[in-house]
Visitor: 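Mind looking over this structure? Questions follow.
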Amino acid sequence: MISEKALKSVENAIETEADCIAKLKEFVDSEQFSKAVELLKDAERIGTSGCGHSGILCQHIAHLLCCIERPARFISPAEAVHGATGFLKENDVMIFVSRGGKTSELMPVIDICKAKNVKIITMTENMDSPMAKLSDVVLKMFITRETDKWNTQGTTSFTVGAVLIHALQAALIEETDYQAEQFGLIHPGGAVGERLNGKGL
């Protein structure tokens, strides 16, 4: 059995994230969310980019968008400045995630997007950051604290970013009238595929 201190940290981690998510709704800007949904609905292609935990979140974002047939791919910051931004054309959309809004690896990628007239959606805690000021849409990440005792690991911030993109996907499903039958076609695998295609118990 682990120590009482470790068990208490389990409780604290869950409570920290639950408290943050409970308060997140207060920071949702309906105008910015509406603009984000409109951009994503009309985009022919969507890129996502971030570093560290944010980069892993961006991979999830790209997959989630593909699940409702919004063509998306994760573009690593390193590959982005070595030709991968050629994936994006004028009026496409790039989603950036950066808690501080000034990740140095992402700034050259933003410059490329601006030059190509690619629309930019940034998810950040810092609304006055350089990335926020260069974006067409900014979605506020509200974070109370991370779950580790040093308040340094990308934990609560990762969860907040995931919740925001889940909310965007839910809105996109409504705005595009995306149907479960459409998802069933591209997701025949696993228990979800069986249920969607009438084969589940």
Visitor: Only one of C113, P77, C51, S135 passes side-chain contact (heavy atoms from CB on, under 4.5 Å) with F96; say which it is.
Guide: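 The residue from C113, P77, C51, S135 that satisfies side-chain contact (heavy atoms from CB on, under 4.5 Å) with F96 turns out to be C113.
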Visitor: Between V192 and F183, is any pair of side-chain heavy atoms under 4.5 Å apart?
Guide: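 Yes. Closest side-chain heavy atoms under 4.5 Å.
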Visitor: Determine the minimum heavy-atom distance between I46 and F87, stating which atoms define it.
Guide: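 I46 and F87 have their closest heavy atoms at O-CE2, 3.6 Å.
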Visitor: Can you name the nearest heavy-atom pair linking L106 to V97, along with the distance?
Guide: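 L106 and V97 have their closest heavy atoms at CD1-O, 3.9 Å.
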Visitor: Using side-chain contact (heavy atoms from CB on, under 4.5 Å) as the criterion, list what pairs up with E11, not counting sequence neighbours.
Guide: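 In terms of side-chain contact (heavy atoms from CB on, under 4.5 Å), with neighbours along the sequence ignored, E11 is linked to K8, E15.
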Visitor: Any idea which heavy atoms bring I75 and A84 closest together, and the distance?
Guide: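 The answer is CG2-CB, 3.6 Å.
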Visitor: Looking at V118 and M94, what are the two nearest heavy atoms and their distance?
Guide: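 Shortest heavy-atom contact: CG1-N, 3.8 Å.
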Visitor: Do T147 and N12 make a side-chain contact, defined as non-hydrogen atoms from C-beta onward lying under 4.5 Å apart?
Guide: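 A side-chain contact is absent here, since even the closest heavy-atom pair is not under 4.5 Å.
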Visitor: Are I21 and L64 grouped together when hydrophobic residues (ILVMFWY) are joined by side-chain heavy atoms under 4.5 angstrom apart?
Guide: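 Same hydrophobic cluster.
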Visitor: Any donor and acceptor pair, going by atom type alone, linking the side chain of S3 with main-chain N or O of A6 inside 3.5 Å?
Guide: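 Present.
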Visitor: Which atom names give the shortest non-hydrogen contact between C67 and I186, and what distance separates them?
Guide: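 Minimum heavy-atom separation between C67 and I186: O-CD1, 3.8 Å.
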Visitor: Checking T144 against E17 for the side-chain contact (heavy atoms from CB on, under 4.5 Å) test, could you report, in this order, the C-alpha distance in whole Å, the side-chain angles of both residues, the deciding distance, and whether it holds?
Guide: CA-CA 8 Å; T144 49; E17 295 210 1; over 6 Å; no
Visitor: Can you tell me how far CD1 of I56 sits from CZ of F74, rounded to the nearest 0.5 angstrom?
Guide: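 With rounding to 0.5 Å, CZ (F74) is 9.0 Å from CD1 (I56).
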Visitor: Tell me whether M131 shares a hydrophobic cluster with I95, the cluster being built from Ile, Leu, Val, Met, Phe, Trp, Tyr side chains joined at under 4.5 Å.
Guide: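 No; I95 is not reachable from M131 via cluster members.
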Visitor: Going through the distances and angles, do V37 and E174 end up as a side-chain contact (heavy atoms from CB on, under 4.5 Å)?
Guide: CA-CA 10 Å; V37 170; E174 295 298 332; over 6 Å; no
Visitor: Decide yes or no for F142 and E125: does some side-chain heavy atom of the first lie under 4.5 Å from some side-chain heavy atom of the second?
Guide: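 Of all side-chain heavy-atom pairs linking E125 with F142, none is under 4.5 Å.
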Visitor: Using atom types as modelled and distance alone, determine if a side-chain donor or acceptor of Q153 lies under 3.5 Å from a backbone N or O of N151.
Guide: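 No, Q153 side chain to N151 backbone: no donor-acceptor pair under 3.5 Å.
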Visitor: In terms of relative ring orientation, are H53 and F158 parallel, tilted or perpendicular, with 30° and 60° separating the classes?
Guide: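 Taking F158 first and then H53, their aromatic rings stand perpendicular (interplane angle over 60°).
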Visitor: Side chain of T48, backbone of C58: donor and acceptor closer than 3.5 Å?
Guide: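 Side chain of T48 to backbone of C58, a donor-acceptor pair under 3.5 Å: yes, one is there.
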Visitor: Atom CG in L134, atom CD1 in I110: separation rounded to 0.5 Å?
Guide: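 Reported value, rounded in 0.5 Å steps: 5.5 Å.
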Visitor: If you take all heavy atoms of A132 and V138, which pair is closest and at what distance?
Guide: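 Looks like O-CG2, 3.4 Å.
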Visitor: As a test of understanding, state which of Q169, E69, R70 forms a side chain to side chain donor-acceptor pair (under 3.5 Å) with Y178.
Guide: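 Running side chain to side chain donor-acceptor pair (under 3.5 Å) over Q169, E69, R70 with Y178 returns exactly one hit, E69.
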Visitor: Are I173 and V28 connected, step by step, through hydrophobic side chains (Ile, Leu, Val, Met, Phe, Trp, Tyr) whose heavy atoms are closer than 4.5 Å?
Guide: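 The answer is yes; both residues are in one hydrophobic cluster.
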Visitor: Would you call I121 and V93 a side-chain contact if the rule is heavy atoms closer than 4.5 Å?
Guide: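 The answer is yes, as the side chains (C-beta and beyond) meet within the 4.5 Å cut-off.
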Visitor: Are V81 and L88 grouped together when hydrophobic residues (ILVMFWY) are joined by side-chain heavy atoms under 4.5 angstrom apart?
Guide: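 Same cluster: V81 reaches L88 through Ile, Leu, Val, Met, Phe, Trp or Tyr contacts under 4.5 Å.
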Visitor: Judged by atom type as modelled, is there a donor-acceptor pair below 3.5 Å linking the side chain of E79 to the main-chain atoms of S76?
Guide: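 Checking the backbone N and O of S76 against the side chain of E79, no donor-acceptor pair under 3.5 Å is found.
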Visitor: Is any side-chain heavy atom of V137 closer than 4.5 Å to a side-chain heavy atom of I120?
Guide: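 No, their side chains stay 4.5 Å or more apart.
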Visitor: Kindly compute the distance separating OG1 (T155) from CD1 (I143), expressed to the nearest 0.5 Å.
Guide: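 If I round to the nearest 0.5 Å, the distance is 9.5 Å.
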Visitor: Does the side-chain contact (heavy atoms from CB on, under 4.5 Å) test come out yes or no for L139 and F33, once each step is laid out?
Guide: CA-CA 7 Å; L139 302 181; F33 259 81; 3.8 Å; yes
Visitor: Less than 4.0 angstrom from a charged side-chain N to a carboxylate O is my criterion; do E38 and K41 meet it?
Guide: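 Here E38 pairs with K41 in a salt bridge, since their nearest N and O are under 4.0 Å apart.
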Visitor: So, the side chain of S98 versus the backbone of T124: is there a donor-acceptor pair under 3.5 Å, distance only?
Guide: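 Checking the backbone N and O of T124 against the side chain of S98, no donor-acceptor pair under 3.5 Å is found.
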Visitor: Any side-chain heavy-atom pair from N126 and M141 closer than 4.5 angstrom?
Guide: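 They are not in side-chain contact.
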Visitor: Find out if a path of hydrophobic residues (ILVMFWY) with successive side-chain heavy-atom gaps under 4.5 Å connects F27 to I165.
Guide: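 F27 clusters together with I165.
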Visitor: More than 12 heavy atoms of other residues, nucleotides or ligands under 6.0 Å from NZ of K114: is that the case?
Guide: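 Counting other residues, nucleotides and ligands, NZ of K114 exceeds 12 neighbours.
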Visitor: CG/L172 to CG/L168 distance, rounded to the nearest 0.5 angstrom?
Guide: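 Result: 6.5 Å between the selected atoms.
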Visitor: Would you mind listing every salt bridge (charged side-chain N to carboxylate O under 4.0 Å, His left out) that reaches into residues 133-148, with sequence neighbours excluded?
Guide: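 Pairs touching residues 133-148 that pass the test: R99-E146.
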Visitor: Do H60 and H63 have side chains that get closer than 4.5 Å, going by heavy atoms?
Guide: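 No, their side chains stay 4.5 Å or more apart.
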Visitor: Sub-3.5 Å donor-acceptor pair from the side chain of H166 to the main-chain atoms of A162, do we have one?
Guide: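 Such a contact is found between H166 side chain and A162 backbone.
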Visitor: Check the pair K35, E31 against side-chain contact (heavy atoms from CB on, under 4.5 Å), reporting the backbone distance first and the verdict last.
Guide: CA-CA 6 Å; K35 288 180 180 178; E31 183 178 338; 3.6 Å; yes
Visitor: Give me each pair satisfying side chain to side chain donor-acceptor pair (under 3.5 Å) with a member in residues 81-95, each pair once, sequence neighbours excluded.
Guide: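 Sorted result for residues 81-95: R45-D92, E90-N117.
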